[in-house]
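Every chain is numbered from 1 and lettered A, B, ... according to where its sequence line falls, protein lines coming before strand lines.
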There are 2 protein chains.
Amino acid sequence: MATQAAARTRSRTPLSKQRVLRAAVELADKSGIESLSMRKLAQELGVEAMSLYNHVRSKEDILDGVVDVVIGEIAVPPKTSDWKTSLRQTLMSARMVLVRHPWAPRVIESRTNPSPATFQYFESVIGILRAGGFSVDMTHHALHVLGSRVLGFTQELFKDSDELTAGPAAAAMFAQLADKFPYMTEMAMAVSHEGALGGCDDDAEFEFALDLILDGLENQRVAD
Amino acid sequence: MATQAAARTRSRTPLSKQRVLRAAVELADKSGIESLSMRKLAQELGVEAMSLYNHVRSKEDILDGVVDVVIGEIAVPPKTSDWKTSLRQTLMSARMVLVRHPWAPRVIESRTNPSPATFQYFESVIGILRAGGFSVDMTHHALHVLGSRVLGFTQELFKDSDELTAGPAAAAMFAQLADKFPYMTEMAMAVSHEGALGGCDDDAEFEFALDLILDGLENQRVAD
DNA sequence: ACCTGAACACCGTTCAAGT
DNA sequence: ACCTGAACACCGTTCAAGT
């Protein structure tokens, strides 16, 4: 009975997806992302590797969840100040989060589907720009200019949006999405209707971003 | 003898590091980076996995080499035109290369030491800016602004430069480096001598880059 | 309902043995 | 000098068996 109690104490908190994901983030922070294996993660939780599969579908599922946790740490300020201040604060917060989890960019880049928190985050950034007077098109450009500074996966996110709008019986799901993410839906629609193939012109966006940066550098060339 | 000839034909080109690296890039292009294992790569070359170790030290060594090959594909234009045109062409070429090898950014990000080609590439970019009238400090800022557009590893590169300058008997090696990479050496020196801890202030650089971009967006806000 | 032991198909890598 | 078979320590994952 004494040993039973001890055993129960050691793993008193029952396993859950939340707990698994939090442990995964901690392990990656502590030992690097290459140390994040099912076996080591289980060990960290005082359990066998196979037990994890009762709470997550696969390791990919864990990585998806870990990205969700990390992106969820980004603080988005309330929409009281002007767009520039809000956007600046948001991106500074994003940077702080990525400095805290240096392995995160690589994991984020490896995901194929954006997580709920990612959707929410983009909705916020887009909302800041729209409320600040940017047109839908200009907001879209702005996202590309911010590029990896907004996390580095703008491209994939909108590739996905295109698929959503193109789907056959996806109308209902889309309407539901529009409720939760009005700004993002607005932009996804505009981008899809623009090009011939329904996508955004990545080459043109890259050049737009590059030229904005080059012009900015030109203005500062003789400063400092 | 017939069979011997056939066998020799199948693997007539002797293995070499060059051939291993080229095969690795091809395999990653064809099947994705997650398919790049020692065993599959060996199979692609008609050889056993263990044979690869005669030409590379480890898988990490292969990934280092693969990054070197990819960065080496970036075309740097001759220094005839103005800095803006040269830089634009260079970055457009970099983009083309990364579009051709979509797995490359993640591998680049995972390297801890910059490869020779990376050094050469940065030397070229820095050279374009210096020749274009940018001060050493402003050139340094510009690299940070271009950020992931110049590949996304500015930070690591200069962290390393700091170690180089700080080393004890590293003076000789440094002099040799200065010969080959005069522009980069110039900047590395300036950056090291600046801060209290001999490094560049990443936070300040991030804010500089962010503000340049935000100002650029502000100017374009009502355009389009 | 949740956890586990054994097993499978894969990894990277070493080393002694082959030619 | 270059290649290989067998072996080792690791992976992610499945499944039947335990509680």
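Rounded to the nearest 0.5 Å, atoms CZ (A:Phe119) and CG (A:Asn113) are 8.5 Å apart. In this structure, B:His101 NE2 and B:Arg106 CZ are separated by 14.5 Å, a value rounded to the nearest 0.5 Å. To the nearest 0.5 Å, atom CG of residue B:Leu129 and atom OG of residue B:Ser124 are 11.0 Å apart. To the nearest 0.5 Å, atoms CE (B:Met187) and CZ (B:Phe122) are separated by 9.5 Å. Here the CG atom belonging to B:Leu52 is positioned 10.5 Å from the CZ atom belonging to B:Arg19, to the nearest 0.5 angstrom. In this structure, NE2 in A:His144 is found 14.0 Å from CG in A:Leu210, a value given to the nearest 0.5 Å.
Contacts classified as side-chain hydrogen bond (donor to acceptor under 3.5 Å, both in side chains) and involving residues 42-64 of chain A (residues at least two apart or in different chains) are given here: A:Lys17-A:Asp61, A:Lys30-A:Glu44, A:Glu60-A:Arg111, A:Asp64-A:Arg111.
A:Ser115 and A:Thr118 share a donor-acceptor pair across their side chains, judged by distance under 3.5 Å alone.
In plain terms, the two heavy atoms of A:Glu123 and A:Tyr183 that are nearest each other are OE2-N, 3.0 Å.
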Quick test: give all pairs of protein nitrogen or oxygen and nucleotides 17-19 of chain C nitrogen or oxygen below 3.5 Å, distance rounded to 0.1 Å.
none

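Straight-line distance from the CG atom of A:Leu45 to the P atom of C:dC3: 10 Å, rounded to whole Å.
No donor-acceptor pair closer than 3.5 Å links the side chain of B:Ser93 to the backbone N or O of B:Gln89. Panel note: side chain A:Glu186, backbone A:Val136; no donor-acceptor pair is recorded below 3.5 Å.
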Nucleotide-resolved protein contact map, nucleotides 4-10 of chain C, B/S/- at heavy-atom distance under 4.0 Å: BBBB---
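DNA chain C lies under 4.0 Å from at least one heavy atom of each of the following residues of residues 55-64 of chain B: B:Ser58, B:Lys59.
Annotation: side-chain contact (heavy atoms from CB on, under 4.5 Å) contacts of B:Val69 (sequence neighbours excluded): B:Leu21, B:Val25, B:Glu73.
Stem analysis of DNA chain C (Watson-Crick or G-U pairs, both distances under 3.5 Å, runs of at least three) returns C:4-8 with D:12-16, C:12-16 with D:4-8.
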